[in-house]
Asks: 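Structure in structure tokens, see below.
The analysis underlying the following values was restricted to heavy atoms, covering all of them including side chains, and did not include hydrogens, waters or symmetry mates. Chain letters run A, B, ... following the sequence lines, proteins first, then strands; residues in each count from 1. None of the values given here were measured: they were computed from a predicted structure.
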There are 2 protein chains.
Amino acid sequence: MTSEAPEGYSGRRAAEIAGITYRQLDYWARTGLVGPSLTQASGSGSRRRYSYRDLLELRAVKSLLDAGIRLELVRGVFEYLTQHLDEDVTRVNLVISGTSVMVRTGEEEIVDLIRHGQGVLNILPLAGVKEQVDARIVELYPEGRSAAETVPAARAAGN
Amino acid sequence: MTSEAPEGYSGRRAAEIAGITYRQLDYWARTGLVGPSLTQASGSGSRRRYSYRDLLELRAVKSLLDAGIRLELVRGVFEYLTQHLDEDVTRVNLVISGTSVMVRTGEEEIVDLIRHGQGVLNILPLAGVKEQVDARIVELYPEGRSAAETVPAARAAGN
DNA sequence: GGCTGGAACTACAACACTGTGACTCTAACC
DNA sequence: GGTTAGAGTCACAGTGTTGTAGTTCCAGCC
């Protein structure tokens, strides 16, 4: 009872896996972009616990930022994404056109959007996001370890 | 000799046509993003003159900004674009993948990029940019006018 | 129970970037 | 030469990032 293995990932590990700084993670949690869905922070000294799904979101945000997209737009996207991101992340593309967001599987629809669209299209293949997160988990916490933190990682990688 | 019709567009008109504020236009010119290619400013009281092509660039920047892309990335894109934007703007797509920029005509290549790309793709159909600029010129300076400023507009619209 | 060390969140401040508004100044135009 | 459009300058604000110091909680140990 004294040493229950904590579920999920601590803030620092989540940041490490997502490839962002801890300060970014903190800022994003504080401003409501991506927070820890397992345990919220409740004052100094408390601990945030991030789920595997949170890791995917963090990494997706990171990808969008790397692509030169303003955080402001990312916020709008994630209000949508949080509600519509199902478990079949593997072969879905996230499409942002202006202020509207879509999740699309086929390329044909996207070609249509390119043909008829007036504005800019931002396309993020979520499959790549998952790959990157999984690879990073394996890289940082190789399977041989018996520490509690690797358990949810292993479960998630096989998801 | 005293009243030679000025070529191109004044700063304020360029801003008006591109749909940006004058302060933005000023800031962009000052920081080297998109400047007036006909006449540079040379101190207080001088005048900038923008070419039709400049208008396209201004509008393209505006489109990218509206799509939530950071100005920093736009700067990088335009270092490339300024050198590679030919006259067949009509059916070309500007594709930004990570830090690399491409100009692509066909959709097939883009589909390929979506399939194999790890990061985010930003796609801007330049045809739309030209349409918007032309429409805005007609809207603001209808063809019936005989003012000098409409002349380059008419020439450009037929380009 | 109480002490102690470290992990991790919090508060505060500094900074760069991207503007925006107010104001000054001057080249262009009449 | 007087007027004026428009470039220059300065101060400031919002966002996002980062660093640093402080605070709190938890675990391990006695």
Side-chain angles (χ1 to χ4, degrees), chain A residues 1-36 38-50 54 58 61-62 64-78 147-149, chain B residues 1-36 38-50 58 61-62 64-76 78 147-149:
Chain A
M1 210 67 75
T2 51
S3 68
E4 180 103 6
E7 248 185 288
Y9 304 83
S10 72
R12 295 211 128 78
R13 293 202 184 223
E16 205 177 13
I17 293 169
I20 60 178
T21 66
Y22 176 76
R23 304 304 291 108
Q24 278 179 306
L25 180 110
D26 180 40
Y27 179 64
W28 296 354
R30 195 174 302 278
T31 55
L33 176 54
V34 178
L38 298 182
T39 309
Q40 312 290 330
S42 58
S44 220
S46 65
R47 276 102 200 272
R48 301 190 178 105
R49 299 305 296 185
Y50 288 83
D54 293 336
L58 290 172
V61 171
K62 160 83 171 159
L64 290 169
L65 283 192
D66 285 350
I69 294 176
R70 278 199 308 265
L71 200 61
E72 185 191 356
L73 177 66
V74 178
R75 289 186 197 279
V77 169
F78 270 68
E149 286 263 359
Chain B
M1 213 69 72
T2 51
S3 69
E4 181 103 5
E7 248 185 289
Y9 303 83
S10 72
R12 297 210 184 269
R13 291 199 187 226
E16 205 177 12
I17 293 169
I20 60 178
T21 66
Y22 175 76
R23 304 303 288 113
Q24 274 180 305
L25 180 109
D26 182 40
Y27 179 65
W28 295 355
R30 195 173 303 279
T31 53
L33 176 54
V34 179
L38 298 182
T39 310
Q40 312 288 330
S42 58
S44 215
S46 64
R47 274 105 199 270
R48 301 189 178 107
R49 300 302 298 185
Y50 288 84
L58 290 172
V61 171
K62 161 79 172 162
L64 291 168
L65 284 191
D66 285 350
I69 295 177
R70 278 199 308 263
L71 200 60
E72 185 189 356
L73 176 67
V74 179
R75 288 186 198 279
F78 271 68
E149 287 262 0

Asks: Nearest 0.5 Å, what's the CG-CZ distance between B:L73 and B:R70?
Replies: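 Rounded to the nearest 0.5 Å, the CG-CZ separation comes out at 7.5 Å.
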Asks: Can you measure B:R13 atom CZ to D:dA5 atom C1' for me and round it to whole angstrom units?
Replies: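 After rounding, the reported distance stands at 12 Å.
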Asks: May I ask you to test the B:Y27-B:L71 pair for a side-chain heavy-atom distance under 4.5 Å?
Replies: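 A side-chain contact exists here, since the closest heavy-atom pair is under 4.5 Å.
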Asks: Roughly how far, to the nearest 0.5 Å, is CZ of A:R48 from OG of A:S42?
Replies: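 Those atoms lie 10.0 Å apart.
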Asks: Could you state the CG-P distance from A:L25 to D:dT17, rounded to the nearest angstrom?
Replies: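 From A:L25 CG to D:dT17 P: 12 Å.
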Asks: I'd like to know whether CD of A:E72 has more than 12 heavy-atom contacts from other residues, nucleotides or ligands below 6.0 angstrom.
Replies: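 Not more than 12 within 6.0 Å, no.
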Asks: Contact between B:T31 and B:R75 at the side-chain level, heavy atoms closer than 4.5 Å - yes or no?
Replies: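 Side-chain contact under 4.5 Å: yes.
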Asks: State whether A:R49 and A:D54 are salt-bridged, where the test is any N-O pair (Lys NZ or Arg NE/NH1/NH2 against Asp/Glu carboxylate O) under 4.0 Å.
Replies: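 Between A:D54 and A:R49 there is no salt bridge, as every charged N stays at least 4.0 Å from the carboxylate O atoms.
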Asks: For DNA chain D, just give me the dot-bracket, please: Watson-Crick or G-U, both distances below 3.5 Å, ( ) intra-strand, [ ] crossing earlier pairs, | paired with another strand, . unpaired.
Replies: ||||||||||||||||||||||||||||||
Asks: Whole Å only: how far is the CD atom of B:Q40 from the P atom of D:dG8?
Replies: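 Computing the B:Q40:CD to D:dG8:P distance gives 10 Å.
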Asks: With side chains defined as the heavy atoms from C-beta onward, is the minimum distance between B:R12 and B:L25 less than 4.5 Å?
Replies: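 Side-chain contact under 4.5 Å: no.
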Asks: Hey, mind stepping through B:Y9 and B:L38 against side chain to side chain contact (heavy atoms under 4.5 Å, CB included) and telling me if it holds?
Replies: CA-CA 9 Å; B:Y9 303 83; B:L38 298 182; over 6 Å; no
Asks: Just the rounded figure in Å: distance from P of C:dC9 to CZ of A:R12.
Replies: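 After rounding, the gap between these two atoms is 7 Å.
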Asks: Decide yes or no for B:W28 and B:R30: does some side-chain heavy atom of the first lie under 4.5 Å from some side-chain heavy atom of the second?
Replies: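 Of all side-chain heavy-atom pairs linking B:R30 with B:W28, none is under 4.5 Å.
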Asks: Rounded off to whole Å, could you give me the CZ-to-C1' distance for the B:R49 and C:dA28 pair?
Replies: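 Answer to the nearest Å: 12 Å.
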Asks: For C:dT10, take OP1 and OP2 only and decide whether either is under 4.0 Å from a side-chain N or O of A:R48.
Replies: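 Yes, A:R48 has a side-chain N/O under 4.0 Å of OP1/OP2 on C:dT10.
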Asks: For A:I20 and D:dT17, give me the distance from atom CD1 to atom C1', rounded to whole Å.
Replies: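 In whole Å, D:dT17 C1' lies 12 Å from A:I20 CD1.
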Asks: For A:R30 and D:dT18, give me the distance from atom CZ to atom C1', rounded to whole Å.
Replies: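 Answer to the nearest Å: 14 Å.
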Asks: For nucleotides 18-27 of chain C, give me one character per nucleotide, 5' to 3': B if any protein heavy atom sits under 4.0 Å from the base, S if the only such contacts are to the sugar-phosphate, - if neither.
Replies: BSSBB--BBS
